[in-house]
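First comes the structure, then the notes that go with it.
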Amino acid sequence: MWQPNKLEQERLEKLERLQALGIEGYPRRAHRTHTAAQAVAAYEALEAQDAEAAQALEVTVCGRIRRVNLKGKISFLHIEDESGRVQLLLRVDELGEATYDLVKDKLIDMDDFVQAGGVMMRTRAGEVSVLVHEFVLLAKSLSPLPVIKQQVLDDGTVIEYGEFSDVETRYRQRYADLAVNRRVREVFRKRAETLRAMRRFFDDEGFLEVETPVLQPVYGGAAARPFITHHNQLKQDLYLRISFELYLKRLLVGGYDAVYEIGRDFRNEGVSWKHNPEFTMAEFYKAYIDYRGVMDITERMVAYVAEQVTGSTTITYQGHTIHLAPPWPRLTMRDAIRQASGIDYMDYPDAAALEAVIRAKGGSVAPGQPWGKLVSYLLETYVEPNLIQPTIIMDYPRDVSPFAKRVDYDDVHVERFEFFIAAMEMGNAFTELNDPRDQEARFLEMAKLYRAEDDDATPLDEDYLRAMRYGMPPNGGWGMGVDRLVMLLTDQRSIRDVLLYPHLRKEEGTA
RNA sequence: GGCCCCGUAGCGCAGUGGUAGCGCAGGUGCCUUUUAAGCACUGGGUCGUAGGUUCGAAUCCUACCGGGGUCACCA
């Protein structure tokens, strides 16, 4: 139940006073001929040709009031729409007293949406403005937004005074955050551009965009705890997908050469600066290439998207200058770990020995973990934090990679790589296993390996094996955390800052 | 889940045992080219919640709620 505070009560009273004057607080219709940016641009273009003619440019603009400066019989308002801001010059002799007094008596507030019709002009101070002769309230704001003032310097840089920075309130009330913080709006514009650029890239490469089930009877394709839900009519438990992998590869059986999907995955696990329970994943599978082909596509895709979104393949992330142009260094996992930690894990072929040497070096790992997980621990601890420039780490242990093909003449490693940028794991890819007998064995092996300690052991997907038995072309597959790429391209430190509505605990007093 | 930090007016913050403050925003008045407009006057607080210690608590203690960080977890 809304309890209006003092400021809100004042605005409610203003709304009543407006209604008493016959002025609708939330009229049905609005009219606009120019965005703020278009109005200014149109005037400047005309002015460049003919200063006289420019004075006759009629516009009607709409937007939210972001600055109010009342000066007696003349007032300046700045309104903002998505395109930017434009100044309104209100004069009592242009508007008439009745309308002018709405502003002078502050029945119109900061944050209200208004419509203003008038002619474009330049003030004495030189600002392109609308000299208003028609002024209409479009929507009353009852709750004032946080106040941020800005100073625009001659070179166009904007200095902001006052802040709306409380992260909890910003995430809970993203609408207020967006309304007030222009830079936040910019982040989500770049997010959209990132997605567009990715789709354009894959489409141009001949991939088919597909959509596969979010609700799955058997989850798989990754190791994560799922969210469980239930279909009432079918009396069936369903899982929210943790990956798209197995559904996408079935499509290669179906005859598509190359497919991709961009969508939401759900993982019932911890929340952190790089984890959200639901997040955006991109995956592709392409027939007749191996993981080296996937590496090439990865490098080109990331460079292309960066170029499209930021204008360059060299970006700045949290103070680091990062070069995304291909080629990226490719290191085997064994070499990377050996160089960074001094440990050659091939010298410790069983889990107990590897665990012992990790402990001897001061590492802390849970006892009894599979060998491959210990190797992953070494990578995460010694290698990953230093991978600022884009780097491909390849050839992963077999027992943590149930969908990847073995490396030739190597019983330990599989053709799998992950790529890292800014010390973040961005994605994961393999030469995909397409032998149904091998795949079945790997499922069973994984179940044996993980059942003991993981309550989320990946179930065996019989239908996936059935699909594979019809024949699956050799293929390379790939998955990437899109949110992390957006973080990189927008220089944001937390995944929450690239999600419009990051997950938060339920607020007290709300349903 | 463990540990650490934070929660004071709409927003940003100060206040570490003795009458709750500042800036912006708000209200009233003045101002016909301002732009972080200006000038004068002025209202506004369950100090996250609940207990406790104390003559006295925003301040110290405990628990809880919410947030952030970090570790664990995330083949």
Side-chain angles (χ1 to χ4, degrees), chain A residues 4-11 13-14 66-78 85 87-94 100 104-106 109-111 121-127 129 131 142-153 158-172 176 180 221-225 242 267-275 277 364-366 369-377 380 396-404 414 416 425 428 442 445-447 449-450 453-454 456-458 493-494 496 502 504-509:
Chain A
N5 65 32
K6 183 76 186 312
L7 301 175
E8 291 168 332
Q9 277 164 14
E10 282 167 5
R11 289 192 173 190
E13 282 159 22
K14 290 176 182 186
R66 298 296 293 145
R67 173 172 173 263
V68 177
N69 179 9
L70 306 181
K71 277 184 58 71
K73 293 189 172 59
I74 178 175
S75 297
F76 298 92
L77 303 181
H78 285 202
R85 293 190 180 198
Q87 177 169 268
L88 309 181
L89 171 50
L90 310 184
R91 288 203 322 221
V92 64
D93 53 10
E94 287 282 335
Y100 185 78
K104 199 194 81 178
D105 296 341
K106 298 191 182 177
D109 282 291
M110 193 94 105
D111 310 322
M121 48 92 67
R122 208 178 260 281
T123 63
R124 258 174 233 170
E127 178 153 357
S129 308
L131 179 59
L142 295 179
S143 301
L145 288 165
V147 180
I148 293 182
K149 295 192 168 190
Q150 30 176 256
Q151 180 180 17
V152 182
L153 301 179
V158 177
I159 301 174
E160 288 189 336
Y161 300 85
E163 267 190 293
F164 179 40
S165 55
D166 181 83
V167 291
E168 182 180 352
T169 318
R170 284 182 47 228
Y171 297 153
R172 286 197 195 282
V180 156
R225 232 173 274 199
I242 58 173
R267 296 186 181 178
N268 205 338
E269 278 160 11
V271 177
S272 81
W273 64 278
K274 53 180 177 180
H275 298 272
S364 66
V365 285
Q369 299 217 65
W371 188 81
K373 284 190 90 169
L374 295 171
V375 173
S376 298
Y377 168 86
E380 283 160 27
Y396 277 56
R398 184 168 173 273
D399 65 356
V400 291
S401 314
F403 301 109
V414 292
R416 170 183 176 185
E425 181 202 331
N428 186 16
R442 299 284 274 276
E445 195 179 310
M446 295 304 288
L449 208 52
Y450 288 95
E453 60 269 34
D454 292 353
D456 57 343
T458 305
R493 210 171 48 81
S494 168
R496 298 180 195 100
L504 295 177
R505 236 180 271 266
K506 194 165 75 179
E507 201 176 358
E508 249 181 282

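We name chains A, B, ... by the order of the sequence lines, and we start the count at 1 in each one.
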Side-chain N or O of A:Lys506 less than 4.0 angstrom from OP1 or OP2 on B:G66?
-> no

Out of B:A75, B:G12, B:U33, which has the shortest distance to the side chain of A:Asp166?
-> B:G12

Residue pair A:Val68/A:Ile74 against RNA chain B: nearer the 5' end by closest nucleotide is A:Ile74

B:U42 to B:G67 separation - P atoms, rounded to the nearest Å | 41 Å

State the CD-CG distance between A:Gln9 and A:Leu142, to the nearest 0.5 angstrom.
-> 11.5 Å

Quick one: A:Met110 CE to B:G27 C1', roughly how many Å, whole number?
-> 15 Å

Less than 4.5 Å apart, any side-chain heavy atom of A:Val414 and any of A:Arg398?
-> yes

Are any of A:Arg85's side-chain N or O atoms less than 4.0 Å away from OP1 or OP2 of B:U35?
-> no

Distance between the P atoms of B:G38 and B:C24, in whole angstroms?
-> 8 Å

Mate of B:U70 across any strand shown (Watson-Crick or G-U wobble, both atom pairs under 3.5 Å) is B:G2

Out of B:G26, B:C24, B:G67, which has the shortest distance to the side chain of A:Val147?
-> B:C24

Base, sugar-phosphate, or nothing for A:Pro397, non-hydrogen atoms under 4.0 angstrom?
-> nothing

Using atom P of each nucleotide, how far apart are B:U16 and B:C3 to the nearest Å?
-> 28 Å

Nearest-nucleotide pick for A:Leu7, side chain only, options being B:G10, B:U32, B:A75 = B:G10

Would you indicate, yes or no, if B:G10 has its OP1 or OP2 atom less than 4.0 angstrom from a side-chain nitrogen or oxygen of A:Arg11?
-> no

Measure from NZ on A:Lys106 to C1' on B:G27 and round the result to the nearest Å.
-> 7 Å

Do you know which two heavy atoms are closest between A:Gln87 and A:Ser129, and how far apart they sit?
-> NE2-OG, 3.0 Å

What nucleic acid atoms does A:Glu425 come within less than 4.0 Å of, heavy atoms only: base, sugar-phosphate, or nothing?
-> nothing

Evaluate the side-chain contact (heavy atoms from CB on, under 4.5 Å) criterion for residues A:Trp273 and A:Arg493: first the C-alpha distance (whole Å), next the side-chain angles of each, then the deciding distance (0.1 Å), finally the verdict.
-> CA-CA 7 Å; A:Trp273 64 278; A:Arg493 210 171 48 81; 5.8 Å; no

Atom CD of A:Gln150 to atom P of B:U35: distance rounded to whole Å?
-> 15 Å

Just to confirm, is there a sub-4.0 Å distance from OP1 or OP2 of B:A9 to any side-chain nitrogen or oxygen of A:Lys6?
-> no

For B:U49, the Watson-Crick or wobble counterpart (both distances under 3.5 Å) = B:A63

Determine the contact category for A:Asn5: base if any of its heavy atoms lies under 4.0 Å from a base atom, sugar-phosphate if only primed atoms, P, OP1 or OP2 are that close, otherwise nothing.
-> sugar-phosphate

Considering just the side-chain nitrogens and oxygens of A:Arg505, establish if one lies under 4.0 Å of OP1 or OP2 belonging to B:G67.
-> yes

Is a donor-acceptor pair below 3.5 Å formed from side chain A:Gln87 to base B:U34, judging by atom type as modelled?
-> yes

Is it true that a side-chain atom of A:Arg442 and a backbone atom of A:Ala404 form a donor plus acceptor pair closer than 3.5 Å?
-> yes

Pairing partner of B:C39, by Watson-Crick or G-U wobble and under 3.5 Å for both distances, is B:G29

Which one, B:G26, B:U33, B:G69, comes nearest to the side chain of A:Trp273?
-> B:G69

In terms of the nearest nucleotide of RNA chain B, which residue is placed more toward the 5' end: A:Thr123 or A:Arg493?
-> A:Thr123

Specify the separation, in whole Å, of atom CD of A:Gln9 and atom P of B:G43.
-> 18 Å

Length of the line joining A:Asn428:CG and B:A75:C1', which is rounded to integer Å = 10 Å

Does A:Arg67 make a side-chain N or O approach to OP1 or OP2 of B:A37 shorter than 4.0 Å?
-> yes

Which nucleotide, B:C31, B:C74, B:U34, lies nearest any side-chain atom of A:His275?
-> B:C74

Between B:U33 (C1') and A:Tyr100 (OH): distance, integer Å | 11 Å

Could you tell me whether a side-chain N or O of A:Asp111 sits under 3.5 Å from a main-chain N or O of A:Leu145, the two making a donor and an acceptor?
-> yes

Where the side chain of A:Glu10 is defined as all heavy atoms beyond and including C-beta, which of B:A75, B:U34, B:G27 is the nearest nucleotide?
-> B:G27

Mind checking the C1' distance from B:U54 to B:C65? Whole angstroms is fine.
-> 26 Å

With a 4.0 Å cut-off on heavy atoms, is A:Leu504 in touch with a base, just the backbone sugar-phosphate, or nothing at all?
-> sugar-phosphate

Opposite nucleotide pairing with B:C24, Watson-Crick or G-U, both atom distances under 3.5 Å | B:G10

What's the OH-P distance between A:Tyr161 and B:A36, to the nearest Å?
-> 7 Å

Heavy atoms under 4.0 Å, any strand shown: does A:Ser165 hit a base, just sugar-phosphate, or nothing?
-> sugar-phosphate

Residues A:Lys6, A:Glu10: salt bridge by 4.0 Å N-O rule | yes

Contact class for A:Leu145 (heavy atom, under 4.0 Å): base, sugar-phosphate, or nothing?
-> nothing

Closest of B:C24, B:U34, B:C74 to the A:Lys149 side chain is B:C24

When you compare B:G66 with B:G27, how far apart are their P atoms, in angstrom units rounded to a whole number?
-> 36 Å

Select one nucleotide: of B:G67, B:G10, B:G26, the one nearest the side-chain heavy atoms of A:Lys14.
-> B:G26

Identify which nucleotide among B:G12, B:U32, B:G68 has an atom closest to any side-chain atom of A:Phe164, counting heavy atoms from C-beta outward.
-> B:G12

B:G68 and B:G26: how far apart are their P atoms, nearest whole angstrom?
-> 31 Å

Checking B:U34, B:U32, B:U33 against the side chain of A:Val92 (C-beta onward), the nearest is B:U32

Trace of the side-chain contact (heavy atoms from CB on, under 4.5 Å) decision for A:Leu77 with A:Arg66 | CA-CA 7 Å; A:Leu77 303 181; A:Arg66 298 296 293 145; over 6 Å; no

Examine B:U34: is either OP1 or OP2 under 4.0 Å from a nitrogen or oxygen in the side chain of A:Arg122? Give yes or no.
-> no

P gap between B:A9 and B:G45, integer Å | 11 Å

Phosphate OP1/OP2 of B:A37 contacted by A:Lys71 side-chain N/O (<4.0 Å) | no

Check step by step if side-chain contact (heavy atoms from CB on, under 4.5 Å) holds for A:Glu127 and A:Leu89.
-> CA-CA 10 Å; A:Glu127 178 153 357; A:Leu89 171 50; over 6 Å; no

Please measure how far the C1' atom in B:U19 lies from the corresponding atom in B:G56, and state the result in whole Å.
-> 12 Å

A:Lys104 atom NZ, over 12 foreign heavy atoms within 6.0 Å = no

Measure distances between side-chain N and O atoms of A:Arg91 and base N and O atoms of B:U33, and say whether any donor-acceptor pair falls under 3.5 Å.
-> yes

Atom CD of A:Glu163 to atom P of B:G10: distance rounded to whole Å?
-> 18 Å

